[in-house]
There are 2 protein chains.
Amino acid sequence: MKRVKKQRLERAGWVVGDSAQFLRLSVEENRFIELKLALATGVRELRERRGLTQAALAHRLGSSQSRVAKMEAADRSVSLDLIMRSLLTIGATATDIAKWIKRAETARAA
Amino acid sequence: MKRVKKQRLERAGWVVGDSAQFLRLSVEENRFIELKLALATGVRELRERRGLTQAALAHRLGSSQSRVAKMEAADRSVSLDLIMRSLLTIGATATDIAKWIKRAETARAA
DNA sequence: GTCGCCTATGTCCAACATGACATATTTCGC
DNA sequence: GCGAAATATGTCATGTTGGACATAGGCGAC
């Protein structure tokens with residue numbers, strides 16, 4: 001299909017592509033989960049490197065130990081927002097975060 | 001204060017540091033917001049580059065045009081989760097994401 | 001002009017994430 | 001092994017985020 005026509009159809013809200021389109025959602029869900037996992041691991045690494053307990057970090061975040069535990073486990077019930085806030089709170093730099101995100105990508109390749 | 005002692009106190013849940021400690025929260029909130037903003041901008045850039053309308057992207061996400069609009073505006077009511085999912089759905093690579101995150105950092109320096 | 005199309009903004013209420021708490025389970029020094 | 005500290009897991013009420021819808025604003029083509 002011509003590129004221009006494809007874009008026109010897509011602009012209209014239609015998904016033009018392979019018949020495996022419906023699989024996309026789950027594929028992207030996986031990518032998302034891996035990303036979350038990578039960043040969750042980042043939280044743990046950084047926390048430990050700082051010599052903080054989960055409770056101490058929770059205190060800093062105004063959260064609770066249980067939530068930090070779930071966070072590091074990349075539990076379904078914890079949002080990326082919380083993970084990211086935690087990373088920033090522990091003092092992660094943009095470079096650190098970028099590193100972990102790329103790690104997620106490389107993990108996929110395996 | 002000795003590094004080891006400091007860590008011991010922190011393990012116990014105490015925040016040891018400068019008296020401006022209480023400012024930390026808002027500082028980190030700012031960092032977080034800038035990050036969100038940078039990624040939101042990323043969504044818009046990538047969407048436009050793909051020639052998609054907000055409605056089309058919403059369709060792909062199983063969301064609605066209004067949410068995409070709010071998302072690109074980094075509205076308070078949209079989470080980083082949604083932004084990240086969108087980025088992945090549009091086909092952002094880890095490298096892209098890392099780039100935008102770093103952009104947030106550089107923006108801070110200004 | 002006005003007609004389409006795209007984007008922005010506001011408001012519902014259902015679904016989900018949150019901190020808090022209680023309670024396992026693991027880990028580690030002794 | 002014991003005990004204490006750290007971490008893991010479950011549940012709940014309350015606040016936040018979600019898609020949906022309505023509607024307003026913007027912008028180019030005609």
Side-chain angles (χ1 to χ4, degrees), chain A residues 4-5 7-14 25 28-29 32-33 35-37 39-90, chain B residues 4-5 7-14 25 28-29 32-33 35-37 39-90:
Chain A
V4 177
K5 174 158 188 194
Q7 285 206 348
R8 275 191 66 176
L9 286 172
E10 284 177 336
R11 287 177 76 78
W14 301 108
L25 210 117
E28 265 130 31
E29 189 61 17
F32 181 69
I33 289 172
L35 196 122
K36 222 165 112 172
L37 201 64
L39 292 176
T41 305
V43 171
R44 167 155 291 166
E45 274 186 22
L46 207 46
R47 175 179 65 80
E48 289 179 343
R49 202 184 308 159
R50 296 264 188 281
L52 293 171
T53 66
Q54 290 183 343
L57 173 56
H59 179 83
R60 284 203 190 185
L61 288 168
S63 182
S64 57
Q65 178 268 326
S66 57
R67 202 127 282 283
V68 173
K70 288 177 224 262
M71 183 164 69
E72 294 185 351
D75 189 285
R76 300 185 80 268
S77 85
V78 348
S79 71
L80 203 55
D81 294 56
L82 189 60
I83 295 179
M84 204 58 100
R85 280 176 206 275
S86 303
L87 283 173
L88 296 177
T89 298
I90 316 183
Chain B
V4 177
K5 171 158 188 194
Q7 285 203 349
R8 274 191 66 174
L9 286 172
E10 284 177 337
R11 288 177 75 79
W14 300 108
L25 210 115
E28 265 131 32
E29 189 60 16
F32 181 71
I33 289 173
L35 195 119
K36 218 164 116 173
L37 203 64
L39 292 177
T41 306
V43 171
R44 167 156 291 167
E45 275 186 20
L46 206 46
R47 174 179 66 80
E48 289 179 343
R49 203 185 308 161
R50 296 264 189 279
L52 293 170
T53 65
Q54 290 183 344
L57 172 56
H59 179 82
R60 283 204 191 185
L61 288 168
S63 180
S64 57
Q65 178 268 325
S66 58
R67 204 126 279 285
V68 173
K70 286 177 226 263
M71 185 164 66
E72 294 184 352
D75 188 287
R76 299 187 78 267
S77 84
V78 353
S79 69
L80 203 56
D81 293 58
L82 190 58
I83 296 179
M84 204 55 100
R85 279 175 205 276
S86 303
L87 285 173
L88 295 178
T89 298
I90 317 181

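The structure presented is a predicted model; accordingly, all values stated were derived computationally and were not measured. Residue numbering restarts at 1 for every chain, and letters A, B, ... go by the order of the sequence lines.
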Report task. Would you give the length of the straight line joining atom OG of B:Ser77 to atom NZ of B:Lys70, rounded to the nearest 0.5 angstrom? Result -> 5.5 Å

Query - Interface with DNA chain D, restricted to residues 79-88 of chain A and to heavy atoms under 4.0 Å - result: none

Report summary line: Residues at least two apart in sequence or cross-chain that pass side-chain contact (heavy atoms from CB on, under 4.5 Å) with A:Leu46, listed by chain then number, are A:Arg49, A:Arg50, A:Ile90, A:Ala92, A:Trp100

Query raised in the report: Got a sec, which residues hit side chain to side chain donor-acceptor pair (under 3.5 Å) with A:Gln54, two or more places apart in sequence or on another chain?
Result: A:Gln65, A:Glu72

Query raised in the report: If you round to the nearest 0.5 Å, how far is CG of A:Leu35 from CG of B:Leu87?
Result: 10.0 Å

Query - Approximate separation, where rounding is to 0.5 Å, of A:Ile83 CD1 and B:Leu80 CG - result: 9.5 Å

Query - Phosphate OP1/OP2 of D:dA6 contacted by A:Thr53 side-chain N/O (<4.0 Å) - result: no

Query raised in the report: So, is A:Ser63 close to the C:dG19 phosphate, meaning a side-chain N or O under 4.0 Å from OP1 or OP2?
Result: yes

**Report entry** Where at least one partner belongs to residues 73-90 of chain B, residue pairs that pass salt bridge (Lys or Arg N to Asp or Glu O under 4.0 Å), sequence neighbours excluded
**Finding:** A:Glu29-B:Arg85

Report summary line: Letter by letter from the 5' end, nucleotides 23-30 of chain D scores (B base, S sugar-phosphate only, - none; protein heavy atoms under 4.0 Å) --------

Query raised in the report: How many angstroms lie between atom CG of B:Leu57 and atom CG of B:Leu52, to the nearest 0.5 angstrom?
Result: 6.5 Å

Query - A:Leu61 vs A:Ser86 side-chain heavy atoms within contact, under 4.5 Å - result: yes

Query raised in the report: Between the two ends of the helix from C:dG1-D:dC30 to C:dC30-D:dG1, what is the bend in degrees, rounded to 10 degrees, where each end axis spans five pairs?
Result: 50°

Query raised in the report: With A:Leu88, which residues qualify under side-chain contact (heavy atoms from CB on, under 4.5 Å), at least two apart?
Result: A:Ile97, B:Glu28, B:Arg31, B:Phe32

Query raised in the report: Looking at DNA chain D, which of residues 66-78 of chain B put a heavy atom within less than 4.0 Å of it?
Result: B:Ser66, B:Arg67, B:Arg76, B:Ser77, B:Val78

Query - Residues in contact with DNA chain D, drawn from residues 41-48 of chain A - heavy-atom cutoff 4.0 Å - result: A:Arg44, A:Arg47

Query - Test side chain to side chain donor-acceptor pair (under 3.5 Å) applied to A:Ser64 - qualifying residues, sequence neighbours left out - result: A:Ser66

Query raised in the report: Does A:Lys36 use its side chain to pair, donor to acceptor, with the backbone of A:Ser79 at less than 3.5 Å?
Result: no

Query raised in the report: Can you name the nearest heavy-atom pair linking A:Met71 to A:Val43, along with the distance?
Result: CE-CG1, 4.0 Å

Query raised in the report: Mind checking what makes side-chain contact (heavy atoms from CB on, under 4.5 Å) contact with B:Glu48, not counting sequence neighbours?
Result: B:Arg44

